[in-house]
Number of protein chains: 2
Amino acid sequence: MSKRPLDKTDIAILAALYKDARMNNKDIAELVGLAPSTCLERIKKLQSELVIKGAQLNVDFQALGGNIQVMISIRLADHSRTTINTFQKQLALLPEVISLYHMGGENDFLLHASLGDTEHLRDFVFNAITARKEVNHVETALIYDQINGTVLPKV
Amino acid sequence: MSKRPLDKTDIAILAALYKDARMNNKDIAELVGLAPSTCLERIKKLQSELVIKGAQLNVDFQALGGNIQVMISIRLADHSRTTINTFQKQLALLPEVISLYHMGGENDFLLHASLGDTEHLRDFVFNAITARKEVNHVETALIYDQINGTVLPKV
DNA sequence: GTTGAAACAATGTGGCG
DNA sequence: CGCCACATTGTTTCAAC
(Lines give C-alpha, C1' and ligand atoms only; values in the text may rest on other atoms or scores of the structure.)
Protein backbone atom coordinates (compact mmCIF):
# COMPACT_ATOMS: atom_id res chain seq x y z
CA MET A 1 0.00 0.00 0.00
CA SER A 2 1.64 3.19 -1.16
CA LYS A 3 1.72 6.26 1.05
CA ARG A 4 0.66 8.91 -1.40
CA PRO A 5 -0.17 12.09 0.45
CA LEU A 6 -3.85 12.92 0.13
CA ASP A 7 -4.72 16.45 -0.82
CA LYS A 8 -7.58 18.60 0.43
CA THR A 9 -9.89 17.41 -2.31
CA ASP A 10 -9.26 13.74 -1.51
CA ILE A 11 -10.00 14.43 2.13
CA ALA A 12 -13.16 16.30 1.20
CA ILE A 13 -14.32 13.35 -0.90
CA LEU A 14 -13.57 10.91 1.91
CA ALA A 15 -15.33 13.12 4.44
CA ALA A 16 -18.43 13.33 2.25
CA LEU A 17 -18.54 9.58 1.75
CA TYR A 18 -17.79 8.96 5.41
CA LYS A 19 -20.91 10.85 6.35
CA ASP A 20 -23.00 9.18 3.67
CA ALA A 21 -21.45 6.38 1.68
CA ARG A 22 -24.45 6.18 -0.61
CA MET A 23 -24.05 9.71 -1.90
CA ASN A 24 -23.75 9.74 -5.65
CA ASN A 25 -20.79 10.91 -7.63
CA LYS A 26 -22.50 13.94 -9.12
CA ASP A 27 -23.38 15.30 -5.68
CA ILE A 28 -19.92 14.64 -4.30
CA ALA A 29 -18.41 16.39 -7.32
CA GLU A 30 -20.58 19.41 -6.70
CA LEU A 31 -19.76 19.42 -2.99
CA VAL A 32 -16.01 19.31 -3.47
CA GLY A 33 -16.03 21.57 -6.52
CA LEU A 34 -14.96 19.21 -9.28
CA ALA A 35 -16.45 18.05 -12.54
CA PRO A 36 -18.18 14.68 -12.13
CA SER A 37 -15.69 12.86 -14.33
CA THR A 38 -12.72 14.14 -12.37
CA CYS A 39 -14.37 13.35 -9.08
CA LEU A 40 -15.14 9.83 -10.18
CA GLU A 41 -11.55 9.37 -11.26
CA ARG A 42 -10.40 10.30 -7.79
CA ILE A 43 -12.87 8.03 -6.04
CA LYS A 44 -11.78 5.14 -8.27
CA LYS A 45 -8.18 5.90 -7.48
CA LEU A 46 -8.83 6.00 -3.73
CA GLN A 47 -10.59 2.66 -4.07
CA SER A 48 -7.78 1.06 -6.02
CA GLU A 49 -5.26 2.32 -3.49
CA LEU A 50 -7.44 0.85 -0.73
CA VAL A 51 -7.76 4.16 1.03
CA ILE A 52 -11.45 3.40 0.55
CA LYS A 53 -11.79 -0.17 1.77
CA GLY A 54 -15.53 -0.48 1.32
CA ALA A 55 -18.73 0.85 2.75
CA GLN A 56 -21.08 -0.48 5.33
CA LEU A 57 -24.72 0.19 6.07
CA ASN A 58 -25.78 1.63 9.40
CA VAL A 59 -28.59 -0.72 10.23
CA ASP A 60 -31.02 -0.29 13.08
CA PHE A 61 -30.24 -3.51 14.91
CA GLN A 62 -33.39 -3.13 16.94
CA ALA A 63 -35.49 -3.50 13.81
CA LEU A 64 -33.66 -6.77 13.26
CA GLY A 65 -34.51 -8.11 16.69
CA GLY A 66 -31.35 -6.92 18.39
CA ASN A 67 -32.72 -5.10 21.38
CA ILE A 68 -29.49 -5.03 23.30
CA GLN A 69 -25.91 -4.40 22.37
CA VAL A 70 -22.94 -5.34 24.47
CA MET A 71 -19.19 -5.20 24.57
CA ILE A 72 -17.70 -8.42 25.83
CA SER A 73 -14.10 -8.43 27.04
CA ILE A 74 -12.43 -11.79 26.64
CA ARG A 75 -9.15 -13.17 27.93
CA LEU A 76 -7.68 -16.36 26.55
CA ALA A 77 -5.51 -18.82 28.40
CA ASP A 78 -3.16 -19.30 25.52
CA HIS A 79 -1.79 -16.59 23.29
CA SER A 80 -0.32 -18.61 20.49
CA ARG A 81 -0.99 -17.38 17.01
CA THR A 82 -3.11 -20.38 16.09
CA THR A 83 -5.34 -20.05 19.12
CA ILE A 84 -5.86 -16.36 18.49
CA ASN A 85 -6.51 -16.82 14.77
CA THR A 86 -8.93 -19.69 15.22
CA PHE A 87 -10.84 -17.87 17.93
CA GLN A 88 -11.07 -14.73 15.83
CA LYS A 89 -12.17 -16.47 12.65
CA GLN A 90 -14.79 -18.61 14.32
CA LEU A 91 -16.33 -15.89 16.43
CA ALA A 92 -16.54 -13.39 13.59
CA LEU A 93 -18.90 -15.76 11.80
CA LEU A 94 -21.54 -15.78 14.51
CA PRO A 95 -24.64 -13.80 13.57
CA GLU A 96 -24.63 -11.88 16.85
CA VAL A 97 -21.20 -10.39 16.21
CA ILE A 98 -20.96 -6.84 14.90
CA SER A 99 -17.20 -6.43 15.34
CA LEU A 100 -14.41 -8.32 16.95
CA TYR A 101 -11.32 -6.43 18.05
CA HIS A 102 -8.04 -8.13 18.80
CA MET A 103 -6.50 -6.11 21.59
CA GLY A 104 -3.26 -5.53 23.35
CA GLY A 105 -3.41 -5.35 27.12
CA GLU A 106 -5.29 -7.23 29.74
CA ASN A 107 -8.08 -8.41 27.48
CA ASP A 108 -7.29 -10.23 24.27
CA PHE A 109 -10.56 -9.54 22.51
CA LEU A 110 -13.35 -7.05 22.62
CA LEU A 111 -16.52 -8.32 21.03
CA HIS A 112 -19.30 -5.96 19.98
CA ALA A 113 -22.54 -7.90 19.66
CA SER A 114 -26.26 -7.40 19.11
CA LEU A 115 -28.67 -9.71 20.94
CA GLY A 116 -32.42 -10.13 21.07
CA ASP A 117 -32.83 -10.10 24.83
CA THR A 118 -31.02 -10.90 28.04
CA GLU A 119 -31.73 -14.60 27.70
CA HIS A 120 -30.19 -14.56 24.26
CA LEU A 121 -27.23 -12.73 25.74
CA ARG A 122 -26.78 -15.29 28.49
CA ASP A 123 -26.99 -18.17 26.02
CA PHE A 124 -24.60 -16.47 23.67
CA VAL A 125 -22.02 -15.86 26.37
CA PHE A 126 -22.28 -19.44 27.62
CA ASN A 127 -22.46 -21.24 24.30
CA ALA A 128 -20.22 -19.16 22.12
CA ILE A 129 -17.67 -17.90 24.61
CA THR A 130 -17.30 -19.49 28.03
CA ALA A 131 -17.87 -22.95 26.55
CA ARG A 132 -14.58 -22.59 24.68
CA LYS A 133 -11.63 -24.23 26.37
CA GLU A 134 -9.22 -21.42 25.50
CA VAL A 135 -11.35 -18.76 27.19
CA ASN A 136 -10.13 -17.76 30.60
CA HIS A 137 -12.15 -14.72 31.57
CA VAL A 138 -15.25 -12.99 30.23
CA GLU A 139 -16.79 -9.67 31.16
CA THR A 140 -19.92 -8.25 29.61
CA ALA A 141 -20.86 -4.58 29.56
CA LEU A 142 -24.08 -3.17 28.21
CA ILE A 143 -23.99 -0.43 25.56
CA TYR A 144 -26.50 2.33 26.19
CA ASP A 145 -25.67 4.46 23.25
CA GLN A 146 -23.20 4.92 20.42
CA ILE A 147 -22.08 8.09 18.69
CA ASN A 148 -19.91 8.03 15.61
CA GLY A 149 -17.34 10.66 14.84
CA THR A 150 -18.29 12.74 11.86
CA VAL A 151 -15.10 13.91 10.26
CA LEU A 152 -11.70 12.67 9.25
CA PRO A 153 -9.33 15.58 9.08
CA LYS A 154 -5.83 14.83 10.37
CA VAL A 155 -3.86 15.79 7.25
CA MET B 1 -40.22 3.73 15.14
CA SER B 2 -42.70 1.09 14.02
CA LYS B 3 -41.92 -2.57 14.46
CA ARG B 4 -42.91 -3.90 11.06
CA PRO B 5 -41.63 -7.43 10.65
CA LEU B 6 -39.04 -7.58 7.90
CA ASP B 7 -39.40 -10.34 5.36
CA LYS B 8 -36.70 -12.45 3.73
CA THR B 9 -36.31 -10.00 0.89
CA ASP B 10 -35.82 -7.04 3.20
CA ILE B 11 -33.18 -8.98 5.08
CA ALA B 12 -31.48 -9.93 1.83
CA ILE B 13 -31.39 -6.29 0.76
CA LEU B 14 -29.98 -5.23 4.12
CA ALA B 15 -27.39 -7.99 4.01
CA ALA B 16 -26.27 -6.97 0.54
CA LEU B 17 -25.93 -3.34 1.52
CA TYR B 18 -24.28 -4.26 4.80
CA LYS B 19 -21.52 -5.96 2.87
CA ASP B 20 -21.22 -3.14 0.35
CA ALA B 21 -23.25 -0.01 0.92
CA ARG B 22 -22.20 1.42 -2.43
CA MET B 23 -23.77 -1.41 -4.41
CA ASN B 24 -26.24 -0.04 -6.92
CA ASN B 25 -29.92 -0.70 -6.96
CA LYS B 26 -29.94 -2.72 -10.17
CA ASP B 27 -27.38 -5.17 -8.79
CA ILE B 28 -29.18 -5.51 -5.49
CA ALA B 29 -32.43 -6.13 -7.34
CA GLU B 30 -30.80 -8.88 -9.34
CA LEU B 31 -29.22 -10.42 -6.25
CA VAL B 32 -32.45 -10.57 -4.29
CA GLY B 33 -34.59 -11.47 -7.29
CA LEU B 34 -36.72 -8.37 -7.71
CA ALA B 35 -37.33 -5.85 -10.46
CA PRO B 36 -35.21 -2.73 -9.92
CA SER B 37 -38.22 -0.54 -9.29
CA THR B 38 -39.58 -2.78 -6.57
CA CYS B 39 -36.20 -3.11 -4.99
CA LEU B 40 -35.74 0.64 -4.91
CA GLU B 41 -39.15 1.05 -3.34
CA ARG B 42 -38.15 -1.31 -0.56
CA ILE B 43 -34.84 0.42 0.04
CA LYS B 44 -36.61 3.77 0.20
CA LYS B 45 -39.10 2.32 2.64
CA LEU B 46 -36.37 0.86 4.84
CA GLN B 47 -34.72 4.26 4.82
CA SER B 48 -37.87 6.12 5.74
CA GLU B 49 -38.53 3.65 8.55
CA LEU B 50 -34.97 4.22 9.75
CA VAL B 51 -34.15 0.54 9.54
CA ILE B 52 -31.41 1.88 7.29
CA LYS B 53 -29.92 4.73 9.29
CA GLY B 54 -27.19 5.64 6.84
CA ALA B 55 -24.02 4.28 5.36
CA GLN B 56 -20.45 4.83 6.28
CA LEU B 57 -17.24 4.44 4.37
CA ASN B 58 -14.59 2.04 5.54
CA VAL B 59 -11.58 4.26 5.32
CA ASP B 60 -8.01 3.13 5.73
CA PHE B 61 -7.14 5.27 8.73
CA GLN B 62 -3.49 4.60 8.14
CA ALA B 63 -3.66 6.42 4.83
CA LEU B 64 -5.01 9.35 6.79
CA GLY B 65 -2.13 9.35 9.23
CA GLY B 66 -3.80 7.20 11.85
CA ASN B 67 -1.17 4.60 12.49
CA ILE B 68 -2.60 3.37 15.75
CA GLN B 69 -6.08 2.67 16.99
CA VAL B 70 -7.06 2.37 20.60
CA MET B 71 -10.00 1.71 22.87
CA ILE B 72 -10.01 4.00 25.85
CA SER B 73 -12.14 3.09 28.87
CA ILE B 74 -13.27 6.10 30.82
CA ARG B 75 -14.93 6.48 34.21
CA LEU B 76 -16.50 9.71 35.30
CA ALA B 77 -16.80 11.00 38.82
CA ASP B 78 -20.33 12.22 38.34
CA HIS B 79 -23.08 10.36 36.55
CA SER B 80 -25.66 13.09 36.20
CA ARG B 81 -27.35 13.35 32.85
CA THR B 82 -25.82 16.73 32.05
CA THR B 83 -22.29 15.57 32.78
CA ILE B 84 -22.73 12.48 30.63
CA ASN B 85 -24.36 14.37 27.76
CA THR B 86 -21.81 17.15 27.72
CA PHE B 87 -18.93 14.73 27.83
CA GLN B 88 -20.38 12.66 25.02
CA LYS B 89 -21.19 15.60 22.76
CA GLN B 90 -17.85 17.28 23.19
CA LEU B 91 -15.72 14.19 22.76
CA ALA B 92 -17.56 12.97 19.69
CA LEU B 93 -16.45 16.14 17.89
CA LEU B 94 -12.74 15.49 18.25
CA PRO B 95 -11.11 14.43 14.99
CA GLU B 96 -9.42 11.43 16.61
CA VAL B 97 -12.70 9.84 17.65
CA ILE B 98 -14.12 7.05 15.53
CA SER B 99 -16.89 6.01 17.93
CA LEU B 100 -17.90 6.78 21.45
CA TYR B 101 -19.95 4.23 23.37
CA HIS B 102 -21.88 5.10 26.49
CA MET B 103 -21.69 1.99 28.64
CA GLY B 104 -23.30 0.38 31.61
CA GLY B 105 -20.96 -1.18 34.14
CA GLU B 106 -17.67 -0.17 35.59
CA ASN B 107 -16.65 2.12 32.74
CA ASP B 108 -18.95 4.87 31.61
CA PHE B 109 -17.50 5.34 28.15
CA LEU B 110 -15.54 3.38 25.65
CA LEU B 111 -13.82 5.55 23.10
CA HIS B 112 -12.53 4.14 19.81
CA ALA B 113 -9.91 6.47 18.37
CA SER B 114 -7.35 6.71 15.58
CA LEU B 115 -4.05 8.44 16.31
CA GLY B 116 -0.94 9.27 14.35
CA ASP B 117 1.61 7.90 16.76
CA THR B 118 2.19 7.20 20.42
CA GLU B 119 3.02 10.80 21.14
CA HIS B 120 -0.23 11.87 19.59
CA LEU B 121 -1.96 9.24 21.72
CA ARG B 122 -0.35 10.51 24.89
CA ASP B 123 -1.27 14.10 24.09
CA PHE B 124 -4.80 13.12 23.20
CA VAL B 125 -5.30 11.20 26.44
CA PHE B 126 -3.90 14.06 28.50
CA ASN B 127 -5.49 16.97 26.71
CA ALA B 128 -8.84 15.57 25.72
CA ILE B 129 -9.53 13.15 28.53
CA THR B 130 -7.60 13.28 31.78
CA ALA B 131 -7.58 17.08 31.67
CA ARG B 132 -11.34 17.03 32.17
CA LYS B 133 -12.48 17.54 35.74
CA GLU B 134 -15.26 14.95 35.51
CA VAL B 135 -12.91 12.15 34.45
CA ASN B 136 -11.98 9.79 37.23
CA HIS B 137 -10.18 6.92 35.58
CA VAL B 138 -8.74 6.22 32.13
CA GLU B 139 -7.40 3.03 30.65
CA THR B 140 -6.03 2.72 27.15
CA ALA B 141 -5.78 -0.51 25.18
CA LEU B 142 -4.21 -0.88 21.76
CA ILE B 143 -6.21 -2.43 18.92
CA TYR B 144 -4.19 -4.88 16.86
CA ASP B 145 -6.88 -5.85 14.45
CA GLN B 146 -10.58 -5.53 13.75
CA ILE B 147 -12.91 -7.95 12.01
CA ASN B 148 -16.45 -7.00 11.12
CA GLY B 149 -19.30 -9.46 11.15
CA THR B 150 -20.64 -10.12 7.69
CA VAL B 151 -24.27 -10.94 8.03
CA LEU B 152 -27.36 -9.78 9.83
CA PRO B 153 -29.70 -12.74 10.14
CA LYS B 154 -31.69 -12.99 13.37
CA VAL B 155 -35.23 -12.90 11.90
C1' DG C 1 -45.03 -6.98 -8.07
C1' DT C 2 -43.71 -5.97 -13.36
C1' DT C 3 -42.47 -3.54 -17.63
C1' DG C 4 -40.94 0.14 -20.35
C1' DA C 5 -39.91 5.03 -21.40
C1' DA C 6 -38.05 9.33 -19.99
C1' DA C 7 -34.83 11.57 -16.91
C1' DC C 8 -30.72 11.29 -14.92
C1' DA C 9 -25.99 9.59 -13.52
C1' DA C 10 -21.73 7.09 -14.57
C1' DT C 11 -18.02 6.69 -17.37
C1' DG C 12 -14.59 7.01 -21.44
C1' DT C 13 -12.40 10.06 -24.80
C1' DG C 14 -10.33 13.97 -26.36
C1' DG C 15 -8.94 18.64 -25.67
C1' DC C 16 -7.42 22.69 -22.55
C1' DG C 17 -4.60 24.99 -19.09
C1' DC D 1 -0.76 15.96 -15.29
C1' DG D 2 -4.87 17.10 -13.51
C1' DC D 3 -9.10 19.14 -14.93
C1' DC D 4 -13.23 19.80 -17.77
C1' DA D 5 -16.88 19.15 -21.64
C1' DC D 6 -19.21 16.19 -24.16
C1' DA D 7 -21.01 11.80 -25.98
C1' DT D 8 -22.21 7.10 -24.84
C1' DT D 9 -23.77 3.74 -21.98
C1' DG D 10 -26.09 2.26 -18.01
C1' DT D 11 -29.08 3.25 -13.92
C1' DT D 12 -32.91 5.31 -11.57
C1' DT D 13 -37.37 6.45 -11.37
C1' DC D 14 -42.29 6.99 -12.52
C1' DA D 15 -46.29 5.79 -14.91
C1' DA D 16 -49.47 2.38 -16.45
C1' DC D 17 -50.54 -2.22 -15.81
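Throughout, protein chains are lettered first and strands after them, A, B, ... in sequence-line order, and every chain is numbered starting at 1. All values below were derived from every heavy atom in this structure, side-chain atoms included, with hydrogens, water molecules and symmetry-related copies excluded.
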Short question: side chain of A/Arg22, backbone of B/Met23 - any donor-acceptor pair under 3.5 Å?
yes

Could you tell me whether a side-chain N or O of A/Asn107 sits under 3.5 Å from a main-chain N or O of A/Phe109, the two making a donor and an acceptor?
no

Which whole-number value in Å describes the distance from A/Asn25 CG to C/dA10 P?
5 Å

Give the rounded distance in Å between these two atoms: CG of B/Asp7 and C1' of C/dG1.
12 Å

Nearest-Å distance for atom pair CZ/C1', residues A/Arg22 and D/dT11:
12 Å

Return the value, rounded to whole Å, for the distance between atom CG of A/Asn24 and atom C1' of D/dT11.
11 Å

For B/Glu30 and D/dT12, give me the distance from atom CD to atom P, rounded to whole Å.
12 Å

Find the distance A/Lys26:NZ to C/dA7:P and express it as a whole number of Å.
16 Å

Between C/dT11 (P) and A/Ile28 (CD1): distance, integer Å
11 Å

Check: A/Ser99 main-chain N/O paired with B/Asn148 side-chain donor or acceptor under 3.5 Å:
no

OP1 or OP2 of D/dG2 versus the side-chain N and O atoms of A/Arg42: is any pair under 4.0 Å?
no

Using a 4.0 Å cut-off on protein heavy atoms (strictly under), produce a 5'-to-3' string for nucleotides 12-17 of chain C with B for base contact, S for backbone-only sugar-phosphate contact, and - for none.
B-----

Going by side-chain contact (heavy atoms from CB on, under 4.5 Å), name the residues that satisfy it together with B/Thr38, two or more places apart in sequence or in a different chain.
B/Leu34, B/Ala35

Not counting sequence neighbours, which residues clear side-chain hydrogen bond (donor to acceptor under 3.5 Å, both in side chains) with A/Asn85? List them please.
none

Can you measure B/Ile43 atom CD1 to C/dG1 atom C1' for me and round it to whole angstrom units?
15 Å

Quick check, are the ring centers of A/Tyr101 and B/His112 under 6.0 angstrom apart?
yes

